[in-house]
Engineer: 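First, the structure itself, so that you have it in front of you.
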Number of protein chains: 2
Amino acid sequence: MPKDNTETKHFTVDCPNRLLFAEIADKWSMMILSVLDTGPHRFNGIKRCLEGVSQKSLTQTLRKLERNGIISRTVRSTSPVAVEYALTPLGMSLLEPYRAIYSWTCTNLQKVNAARATYDSLQ
Amino acid sequence: MPKDNTETKHFTVDCPNRLLFAEIADKWSMMILSVLDTGPHRFNGIKRCLEGVSQKSLTQTLRKLERNGIISRTVRSTSPVAVEYALTPLGMSLLEPYRAIYSWTCTNLQKVNAARATYDSLQ
DNA sequence: AACCATTAGTGCCTAATTGAAACTAAGTCT
DNA sequence: AGACTTAGTTTCAATTAGGCACTAATGGTT
């Protein structure tokens, strides 16, 4: 019996949901969304809000989010050129599920810390 | 004016929520949770459900989830030793927010694909 | 005019993470 | 004995991520 028939594959390697999931469920994407939740921001404005992002990582993540239609990028030909990033309606719809995860971390941080302490004391 | 007073830091590098978020918001963790959502599984049972996981990545992710109190690991001293992984109550509470993200990917995959096509055609 | 700061990035290099493949060790089946 | 299962660990290669320096255009200061 090589395979249990109750074991169904949940995600194949080419599953589009899995691929999309991997693109939106990373820390920088989620943190950028939470910044843009407070209104449109410029490149360095986002950078200042997010301690520890390199320009390179920020650029890459913003491009990825833009490609996926989650944020918009508008260049204003002002004094020094201004690039404004804002949530699209699609991006706004992502905020709700994100908030659910974020609030889970807030309400359960104590329990997780307790679990970690227990686990570490047994090693 | 070096810094805009409307720009508040959202996540500092040592923010516990941010650290916890980074631990639970990765693809393998989420996929393992969705497998265990259907009931307890053994190591190789999970591996068979998740196409493309290496033993190493699976072991590492399972350990991390166990340390955070999200899954339990019980060794049964049967024929070839059986190790059963199951969701803890804390892990079950994580499923709801996760489902919100997952269902977002399902309902918005088409929109994302359309956005990608538009973006790619302009490059 | 020279100098410095800001804007939004890009490029190089190194460090960290991930993954694939082989190996371990204990037990079952034929 | 030999093959196969269990649940991993180890080793090495490849991909990815991050730090730092650099660019180019514009504005203000001295």
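To find a chain, count down the sequence lines: A is the first, B the second, and so on, and within it residues start at 1.
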Engineer: Hey, is the side chain of B:Arg42 poking within less than 4.0 Å of OP1 or OP2 on D:dT5, counting only N and O atoms?
Structural biologist: no

Engineer: Can you tell me the distance, in whole Å, between the CD atom of A:Glu84 and the P atom of C:dT7?
Structural biologist: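 So the two atoms are 14 Å apart, to the nearest Å.
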
Engineer: Which of the following nucleotides, C:dG9, D:dG8, C:dA20, is nearest to the side chain of B:Tyr85?
Structural biologist: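 So the side chain of B:Tyr85 is nearest to D:dG8.
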
Engineer: Is B:Lys27 paired with A:Glu23 through a side-chain N to carboxylate O contact shorter than 4.0 Å?
Structural biologist: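 No salt bridge links A:Glu23 with B:Lys27.
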
Engineer: Going from CZ on A:Arg76 to CZ on A:Arg42, what distance comes out if it is rounded to the nearest 0.5 angstrom?
Structural biologist: 9.5 Å

Engineer: Sort me out a list of protein N/O and nucleotides 16-18 of chain C N/O pairs below 3.5 Å, or just none if empty.
Structural biologist:
none

Engineer: Would you kindly give the NZ-to-P distance between B:Lys47 and C:dA21, to the nearest whole Å?
Structural biologist: 11 Å

Engineer: With respect to the phosphate group of D:dT5, does any side-chain polar atom (N or O) of B:Arg48 fall under 4.0 Å of OP1 or OP2?
Structural biologist: no

Engineer: So do the side chains of A:Val112 and A:Trp104 get within less than 4.5 Å of each other, counting heavy atoms only?
Structural biologist: yes

Engineer: When we call it a touch if two heavy atoms are under 4.0 Å apart, what does B:Arg76 touch: a base, just sugar-phosphate, or nothing?
Structural biologist: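 B:Arg76: no heavy atom of the nucleic acid under 4.0 Å.
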
Engineer: What is the distance, rounded to the nearest whole Å, between atom CG of A:Leu50 and atom P of D:dG19?
Structural biologist: 13 Å

Engineer: How long is the line joining CD of A:Gln55 and P of D:dA17, in whole Å?
Structural biologist: 17 Å

Engineer: In terms of hydrophobic clusters joined by side-chain contacts under 4.5 Å, are A:Ile101 and B:Met92 together?
Structural biologist: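 Linked, A:Ile101 and B:Met92 end up in one cluster.
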
Engineer: Looking at CG of B:Asn68 and CG of A:Leu109, how far apart are the two atoms once the value is rounded to the nearest 0.5 Å?
Structural biologist: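 It comes to 10.0 Å.
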
Engineer: Take atom NE2 of B:His41 and atom C1' of D:dA7, then tell me their distance rounded to the nearest Å.
Structural biologist: 16 Å

Engineer: Tell me: CG of A:Leu62 to P of C:dT10, nearest whole Å?
Structural biologist: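 From A:Leu62 CG to C:dT10 P: 11 Å.
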
Engineer: Looking at C:dT10, D:dT9, C:dA20, which one has an atom nearest to any side-chain atom of B:Ser54?
Structural biologist: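 So the side chain of B:Ser54 is nearest to C:dA20.
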
Engineer: Checking A:Ser57 against A:Trp28: is there a side-chain donor and acceptor pair closer than 3.5 Å?
Structural biologist: no

Engineer: Quick one about A:Asp26 and A:Ser29 (side-chain donor to acceptor, distance below 3.5 Å, no hydrogens or angles considered), yes or no?
Structural biologist: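 A:Asp26 and A:Ser29 do have a side-chain donor-acceptor pair below 3.5 Å.
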
Engineer: Rounded to whole Å, please give me the gap between CD in A:Glu51 and C1' in D:dG19.
Structural biologist: 15 Å

Engineer: In whole Å, what is the span from the CZ atom of B:Phe43 to the P atom of C:dA26?
Structural biologist: 18 Å

